[in-house]
Amino acid sequence: MCQVSADEAENNTQISQNHVSMAEVLSEEDRERKSKMSAVVVVHGGAWAIPDELAEASVSGVKAAACEGFSALKRGGNAVDAVEAAVRALEDNTVFNAGHGAALNANGEVELDAIIMDGSTLASGAVSCVKNIANPVSLARAVMEKTAHIMLTGRGANMFAESVGVATVPTETLVTEYERKEWEKRKHYVAGVMEDFNSQWAHDTVGAVAVDCAGNVACATSTGGIRNKMVGRVGDSPIIGSGGYADNFSGAVSCTGHGESILKVTLARLILSHIEQGKPVAEASQASLRYMGDRVRGAGGAIAVSPSGQWAATFTTERMAWAAVEDDVLWYGLDPNMRLKEQLSK
């Protein structure tokens with residue numbers, strides 16, 4: 001259990017007073033709830049038809065990433081630190097389509113997208129179409145903290161990375177043998193992309209959401225995009241309100257699935273709008289994913305957490321590797337209705 005200082009509780013009250021259209025001044029009951037709040041980190045490794053040969057590695061990867069994010073909180077970090085740490089772990093793991101192991105575009109090249117968002121201030125940073133950055137989520141955070149902008153793309157993002165000392169790597173080191181073989185099988189964009197998503201075989205996005213013990217939420221999402229996508233294609237992942245969104249008044253969401261479908265319904269913001277209307281986190285996520293399926297025939301998944309620590313991992317694809325750490329308990333799953341837990345050492 002995390003405890004919040006009196007100053008932090010007062011700051012949360014002041015935020016509410018300044019935004020009365022979104023939330024009334026915190027009641028005594030609310031203050032008491034916040035003073036006993038538990039930190040939570042939830043991660044996903046992409047919603048798609050994960051084959052059996054990748055299942056164990058996918059689950060192991062999200063479990064490790066969730067623990068990495070929670071460790072950041074235990075070291076005194078905030079929600080933004082937690083989601084960055086968790087997503088970096090996923091970007092460094094070649095099982096996932098982000099950073100190392102990213103999908104290749106129609107020219108056989110890596111083009112990476114990422115976003116990070118701080119729910120306490122609505123500050124956000126994003127990058128798209130970057131080529132030689134192993135951890136684009138950290139570059140997105142640099143955009144958020146060191147520029148007056150929200151998104152940088154392509155050559156400009158890489159120039160900014162160089163100017164602030166973000167490490168670059170030879171792009172070929174991000175490409176795995178597995179991805180190169182899959183790309184060779186699906187060289188033609190139309191056949192490749194339609195095949196992938198009609199069969200829900202899309203090697204997809206990673207992401208994390210967190211709430212810290214002060215009640216601040218954050219999200220981060222990172223991806224290599226769709227295999228055989230057009231050069232320069234940007235999906236939902238780096239777009240505020242689609243691939244992710246975080247607001248202390250409602251919660252944080254990171255999405256995964258068919259980017260064009262997610263963009264059409266602004267999935268992350270849609271989930272939070274349901275939460276704002278009073279739906280529990282899981283119900284809000286399920287309703288939004290159902291709407292996306294009915295309206296634009298898109299499949300996907302989402303992880304979400306509320307400022308009070310309520311969380312959910314929901315998907316409409318065949319599988320989604322996910323994990324969450326809450327009160328030193330590790331929860332994880334892969335298949336529908338699979339929800340396992342392990343006790344972590346304190």
* Asked: Residues two or more places apart in sequence or in another chain: which of them pass side-chain contact (heavy atoms from CB on, under 4.5 Å) with Q277?
  ->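 side-chain contact (heavy atoms from CB on, under 4.5 Å) check on Q277 returns S273, H274, K279.
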
* Could you pull out all residues at least two apart from T121 that satisfy side-chain contact (heavy atoms from CB on, under 4.5 Å)? =>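 D118, A123.
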
* To do: List in chain and number order the residues that pass salt bridge (charged side-chain N to carboxylate O under 4.0 Å, His left out) with E172, two or more places apart in sequence or in another chain; answer none if no residue qualifies.
  =>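 Listed in chain order: nothing, the list is empty.
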
* To do: Please name all residues satisfying salt bridge (charged side-chain N to carboxylate O under 4.0 Å, His left out) with D52, sequence neighbours left out, ordered by chain then number.
  =>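 For D52, the residues satisfying salt bridge (charged side-chain N to carboxylate O under 4.0 Å, His left out) (neighbours in sequence not counted) are R319.
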
* Asked: Tell me, do V325 and L344 make a side-chain contact under 4.5 Å, heavy atoms counted?
  ->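 Yes. Closest side-chain heavy atoms under 4.5 Å.
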
Are [X] and [Y] ion-paired here, with the side-chain N under 4.0 Å from a carboxylate O?
{"X": "E68", "Y": "R88", "answer": "no"}
{"X": "R269", "Y": "D247", "answer": "no"}
{"X": "R233", "Y": "E260", "answer": "yes"}

* Asked: Linking Ile, Leu, Val, Met, Phe, Trp and Tyr by side-chain heavy atoms under 4.5 Å, what else ends up with V265?
  ->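 I115, M117, L122, I150, I240, Y245, V253, I262, L267, L270, I271, L272, I275, V281, L289, Y291, M292, V296, listed by chain and number.
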
* Give every residue pair that meets the salt bridge (charged side-chain N to carboxylate O under 4.0 Å, His left out) criterion with at least one member in residues 131-152, sequence neighbours excluded. =>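 Of all non-adjacent pairs touching residues 131-152, those that pass salt bridge (charged side-chain N to carboxylate O under 4.0 Å, His left out) are D81-R141, E84-R141, E109-K131, E111-K131, R141-E145.
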
* Asked: Is the backbone N or O of M151 less than 3.5 Å from a side-chain atom of H149, with the two atoms forming a donor-acceptor pair by type?
  ->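 No; judged by distance alone, with no hydrogens or angles, the pair does not exist.
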
* Asked: Donor-acceptor pair, D236 side chain versus L263 backbone, under 3.5 Å?
  ->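 Checking the backbone N and O of L263 against the side chain of D236, no donor-acceptor pair under 3.5 Å is found.
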
* To do: Apply side-chain contact (heavy atoms from CB on, under 4.5 Å) to F160 and L139, showing your working.
  => CA-CA 9 Å; F160 170 68; L139 181 57; 3.7 Å; yes

* Report, as yes or no, whether the 6.0 Å neighbourhood of atom CZ on R339 holds more than 12 heavy atoms from other residues, nucleotides or ligands. =>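 For R339, atom CZ is crowded (more than 12 foreign heavy atoms under 6.0 Å).
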
* To do: Tell me, yes or no, whether the heavy-atom count around E162 atom CD, taken from other residues, nucleotides or ligands under 6.0 Å, exceeds 12.
  =>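 12 or below, so no.
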
